[in-house]
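As the structure is a prediction and not an experimental result, all values here were calculated from the model.
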Amino acid sequence: DEKTIKRTVKLLIAISNKVKLVKSTWVTACQEKGCLVSEDEYLLKGYFSSDAKSSVTWSFNANKYALDGAGVCFEGLSFLLSANVKPKKEDMKLIIESAG
């Protein structure tokens with residue numbers, strides 16, 4: 001069951017920091033209850049990929065991400081970014097620095 005998800009700077013930072021990823025319906029549930037509800041039933045599950053119309057293709061396995069547990073994924077690594085990197089250099093710096 002493959003689903004699409006938009007690859008944004010915020011999503012990449014969340015993934016690199018092992019933040020729990022929830023469906024947008026979690027926000028609606030919190031609004032309806034008037035408080036934060038458990039995210040357990042709203043966690044992203046399954047395989048996600050870029051929209052077929054997207055100029056950049058990528059994929060993400062939310063099940064594997066959930067099993068990996070907390071941690072810093074770029075700790076101890078160095079990166080060299082080209083001038084034409086996408087997302088833009090400033091955004092990549094945020095993503096990399098937030099991940100260790």
Side-chain angles (χ1 to χ4, degrees):
D1 183 23
E2 189 172 311
K3 300 164 265 244
T4 60
I5 191 168
K6 187 173 179 180
R7 185 188 69 171
T8 65
V9 171
K10 288 179 184 178
L11 177 66
L12 295 175
I13 289 172
I15 289 171
S16 68
N17 282 282
K18 299 294 193 167
V19 173
K20 289 183 179 180
L21 301 175
V22 294
K23 302 172 193 169
S24 59
T25 52
W26 177 78
V27 174
T28 305
C30 291
Q31 289 173 328
E32 289 173 356
K33 293 275 188 180
C35 64
L36 295 177
V37 299
S38 172
E39 66 275 348
D40 292 343
E41 66 182 271
Y42 299 96
L43 292 174
L44 289 183
K45 293 181 179 126
Y47 186 81
F48 293 84
S49 64
S50 53
D51 188 301
K53 298 176 215 155
S54 176
S55 61
V56 177
T57 58
W58 73 288
S59 62
F60 170 69
N61 183 339
N63 296 340
K64 181 178 180 329
Y65 168 83
L67 293 174
D68 283 346
V72 181
C73 70
F74 293 153
E75 188 171 21
L77 299 176
S78 298
F79 291 83
L80 177 63
L81 303 176
S82 71
N84 298 321
V85 69
K86 291 192 180 180
K88 62 186 178 180
K89 207 176 215 179
E90 295 80 14
D91 291 340
M92 285 301 297
K93 184 177 181 203
L94 285 172
I95 294 165
I96 293 167
E97 286 179 349
S98 73

- Note on the structure: Residue pairs passing the ring-ring contact (aromatic ring centres under 6.0 Å, His included) test with at least one member in residues 78-100, sequence neighbours excluded, are Phe74-Phe79
Kindly list each side-chain donor-acceptor pair under 3.5 angstrom involving residues 25-43, sequence neighbours excluded, with atom names and distances?
{"residue": "Trp26", "atom": "NE1", "partner": "Val37", "partner atom": "O", "Å": "2.9"}
{"residue": "Ser38", "atom": "OG", "partner": "Asp40", "partner atom": "N", "Å": "3.3"}
{"residue": "Ser38", "atom": "OG", "partner": "Asp40", "partner atom": "OD2", "Å": "3.4"}
{"residue": "Glu39", "atom": "OE2", "partner": "Lys20", "partner atom": "NZ", "Å": "2.7"}

- Query: Quick one: does Asn63's side chain have a donor or acceptor within less than 3.5 Å of a partner on Gly46's backbone?
  - Reply: yes
- Query: OG of Ser49 to CD1 of Ile5: how many Å apart, nearest 0.5 Å?
  - Reply: 10.0 Å
- In Å, rounded to the nearest 0.5 Å, how long is the span from NZ of Lys45 to NZ of Lys3? 9.5 Å
- Message: Per the salt bridge (charged side-chain N to carboxylate O under 4.0 Å, His left out) rule, what does the pair list look like for residues 81-100, sequence neighbours excluded?
- Response: Lys93-Glu97
- Item | Side-chain heavy-atom pair Leu77, Ile96 within 4.5 angstrom cut-off | no
- Item | Flag side-chain contact, heavy atom, 4.5 Å: Phe60 against Leu21 | yes
- List for me each residue that meets side chain to side chain contact (heavy atoms under 4.5 Å, CB included) alongside Leu12, sequence neighbours excluded, and say none if there are none. Arg7, Pro87, Ile95
- Item | Minimal non-hydrogen separation, Thr8 against Leu11, with atom names | OG1-N, 3.0 Å
